[in-house]
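In what follows, chains are A, B, ... by sequence order, proteins preceding strands, each numbered from 1.
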There are 2 protein chains.
Amino acid sequence: MKAGAEPAGSKTYSITQLSEEFSITPRAIRFYEDRGLLHPRRDGQTRIYSQRDWVRLLLILRGKRVGFSLAELREILDLYDLGDGQTEQIRRTLETARAKMVSLERQRQDIDQTISELKTACGHFENLLVERGIDPHMPLPAQRRRRAGAA
Amino acid sequence: MKAGAEPAGSKTYSITQLSEEFSITPRAIRFYEDRGLLHPRRDGQTRIYSQRDWVRLLLILRGKRVGFSLAELREILDLYDLGDGQTEQIRRTLETARAKMVSLERQRQDIDQTISELKTACGHFENLLVERGIDPHMPLPAQRRRRAGAA
DNA sequence: GGTGACGTTGACGTTAACGTCAACTGGTAA
DNA sequence: TTACCAGTTGACGTTAACGTCAACGTCACC
C-alpha cells in the first residue's frame with residue numbers, strides 16, 4: 001500500500017471481492033472499466049477499488065436493471081463526477097438527466113400496467129384451477145433447477 | 001380456435017400498416033412471428049393481421065420497454081392463449097406469471113430510486129447554474145438532431 | 001524453486017434483436 | 001407488355017454485453 005493522501009482508513013476492495021459481493025464476474029467489472037464506467041486506481045498492475053467505486057458499481061447494476069445501456073450509464077455517472085465542468089456542459093447534462101427522468105416515468109407506467117394485466121391473468125388461471133378442484137397455491141412438483149445462480 | 005367463422009367486419013391490417021402505426025419496421029414484425037410471438041393468417045403468402053394481433057403487438061412492445069426478452073414475451077403471450085391447456089401447464093404458467101410480477105415490483109423500486117437520485121442530481125446542477133447567474137430552465141442552443149425517429 | 005491462487009491483457013466466441021441486402025412473386029396502372 | 005408496387009424468403013452483417021480461453025506475471029508458502 002503506498003497510500004497517497006487518501007483517508008488511510010477508507011476501505012478498499014479487490015476485483016474478486018467486488019465480483020462476489022455483487023454476484024458478477026471479474027470480467028464484467030473490467031469490461032465496465034473498459035467502457036469508462038469505473039476508474040479504479042492501481043497497485044502495480046492490480047486494480048484497487050475504493051468505496052466510491054463500490055457505489056458506482058451499485059449504480060451501474062441498478063441502472064442496468066432499469067434498462068440503461070452502459071453508454072448511457074457512463075453519461076449518468078460522469079454527471080456525478082462533474083461538479084465544475086463547463087457551464088455549457090452542465091446545461092447539456094441537466095437536459096440529459098431530465099430526459100432520462102421522463103423516460104423512467106413512462107417506464108414506470110408501463111410496469112404498472114403490465115403488473116395489473118398479469119394480475120388479471122393470474123386471477124383468471126386461478127379460477128380455471130379452482131374450477132377443476134385444485135388449490136391454485138399448491139407448490140409445483142419438484143421444479144428442476146437449472147443452475148445455482150451465485151458463485 | 002380455428003373458426004373459419006370470424007366476424008366478417010373485424011378490422012385487419014397489412015404488415016406496413018402495423019409497422020407505421022407502431023413505428024417499427026416490417027422486418028421486426030416478421031421477426032416476432034419467427035420467434036412465435038405472432039401468428040397472422042395468410043392470404044396466399046401475404047400476412048393479414050387481426051385485432052387480436054394488434055393487441056398482441058401492443059403487449060409485445062410494452063413488454064420490451066419494461067425489459068422482457070422476446071422469449072419471455074412469448075411465454076407470457078402463450079399464457080393468454082391458453083384457456084384450456086393441461087392442468088399442469090396452467091399451474092406452471094401461473095408460477096411464471098407470479099415470478100414476473102415479483103421481478104416487476106422490484107424493477108419499479110429500482111426505477112423510483114433512480115428517479116429520486118436523478119432528481120437530486122438535477123437540483124445540484126441547477127444550483128451550480130444559478131450560482132453562475134444562469135437560468136437553469138433556459139433551452140439549449142440549437143440542439144442538433146440525430147435523426148427523425150419515425151418512418 | 002515449484003506450485004497454486006489471484007491478477008493481468010489480448011483475442012475470439014456468443015446471444016439477442018433486429019438491419020440490410022438480394023432475388024423472387026403476384027397484382028395493377030399505364 | 002412493361003413497370004412499379006407491396007410483400008415474401010433467405011442469408012449475412014451488426015451492436016451490446018459479456019463469456020471463454022490462452023499466455024503471462026507475482027506473491028506467499030513449503
Side-chain angles (χ1 to χ4, degrees), chain A residues 1-2 12-50 53 56-77 146-151, chain B residues 12-50 53-54 56-77 103 146-151:
Chain A
M1 242 190 245
K2 71 169 49 174
T12 65
Y13 308 81
S14 78
I15 196 168
T16 40
Q17 279 172 11
L18 274 190
S19 76
E20 284 167 8
E21 201 167 333
F22 288 102
S23 301
I24 57 179
T25 67
R27 177 70 179 88
I29 298 181
R30 290 189 203 102
F31 185 72
Y32 298 153
E33 177 177 350
D34 188 64
R35 293 313 177 86
L37 297 170
L38 293 172
H39 318 282
R41 62 177 213 277
R42 302 260 183 149
D43 175 16
Q45 69 172 358
T46 302
R47 292 165 172 85
I48 299 181
Y49 298 87
S50 65
D53 293 321
R56 286 195 144 227
L57 193 44
L58 183 76
L59 293 176
I60 291 170
L61 296 179
R62 189 163 64 210
K64 274 173 55 79
R65 286 197 303 269
V66 308
F68 286 128
S69 72
L70 295 189
E72 291 173 315
L73 284 172
R74 183 194 170 152
E75 266 195 79
I76 297 181
L77 289 177
R146 298 183 183 284
R147 296 269 274 126
Chain B
T12 65
Y13 308 82
S14 78
I15 195 167
T16 39
Q17 278 171 12
L18 275 190
S19 76
E20 283 166 8
E21 199 167 335
F22 287 101
S23 300
I24 58 181
T25 67
R27 178 69 179 88
I29 298 180
R30 290 190 206 104
F31 185 71
Y32 298 152
E33 179 178 349
D34 187 65
R35 294 315 177 87
L37 298 169
L38 292 172
H39 317 283
R41 61 177 213 276
R42 302 260 182 149
D43 175 16
Q45 67 173 2
T46 302
R47 293 164 172 86
I48 298 182
Y49 298 87
S50 65
D53 293 322
W54 189 96
R56 285 198 146 224
L57 193 43
L58 184 74
L59 292 177
I60 292 170
L61 297 178
R62 190 163 63 210
K64 276 172 53 78
R65 286 197 302 269
V66 310
F68 287 127
S69 72
L70 294 189
E72 291 174 313
L73 284 172
R74 183 195 169 150
E75 267 194 78
I76 297 181
L77 289 176
S103 101
R146 297 182 183 284
R147 294 269 272 126

Side-chain atoms of A/Lys64 come closest, of C/dG7, D/dT8, D/dC18, to D/dC18

Is there side-chain contact between B/Arg30 and B/Leu38, with heavy atoms separated by less than 4.5 Å?
no

On a plain distance test, is the side chain of A/Arg27 in donor-acceptor contact with the base of D/dT20 below 3.5 Å?
yes

Measure from the side chain of B/Ala28, starting at C-beta and using heavy atoms only, and say which of D/dC18, C/dC6, C/dG19 lies closest.
C/dG19

What is the separation between atom CZ on A/Arg42 and atom C1' on C/dG7, rounded to the nearest whole Å?
10 Å

From CD of B/Gln45 over to P of D/dG10, roughly how many Å is that when rounded to an integer?
11 Å

Nearest to the side chain of B/Thr46, heavy atoms from C-beta on, is which of C/dG7, D/dT8, D/dC18?
D/dT8

Atom CZ of B/Arg30 to atom C1' of C/dC18: distance rounded to whole Å?
12 Å

B/Glu33 atom CD is separated from D/dG7 atom C1', nearest whole Å, by 12 Å

Side chain of B/Phe31 - closest among C/dA17, D/dT8, C/dT8
C/dA17

Side chain of A/Thr25, heavy atoms from C-beta onward: which of C/dT8, D/dG19, D/dT8 has the nearest atom to it?
D/dG19

Using a cut-off of strictly less than 4.0 Å, decide whether B/Ser14 has a side-chain nitrogen or oxygen near OP1 or OP2 of D/dA6.
no

Using whole Å, report how far CD1 of B/Ile15 lies from P of C/dT25.
20 Å

Has A/Tyr32 got a side-chain N or O lying under 4.0 Å from the OP1 or OP2 atom of D/dC18?
yes

Could you check whether any side-chain heavy atom of B/Arg35 comes within less than 4.5 Å of a side-chain heavy atom of B/Leu73, counting everything from C-beta outward?
no

Whether B/Asp34 side chain and B/Phe31 backbone form a donor-acceptor pair below 3.5 Å
no

Between C/dC18 (P) and B/Phe22 (CZ): distance, integer Å:
14 Å

Rounded to whole angstroms, how far apart are CG on B/Asp34 and P on D/dT8?
13 Å

Between A/Tyr32 and A/Arg56, is there a side-chain heavy-atom distance shorter than 4.5 Å?
no

Heavy-atom check, side chain of B/Tyr49 versus side chain of B/Leu57, under 4.5 Å
no

Rounding to an integer number of Å, can you tell me how far B/Ile60 CD1 sits from C/dA17 P?
12 Å

Would you classify A/Arg47 as touching base, sugar-phosphate or nothing, given that sugar-phosphate means primed atoms plus P, OP1 and OP2, and contacts are heavy atoms under 4.0 Å?
sugar-phosphate

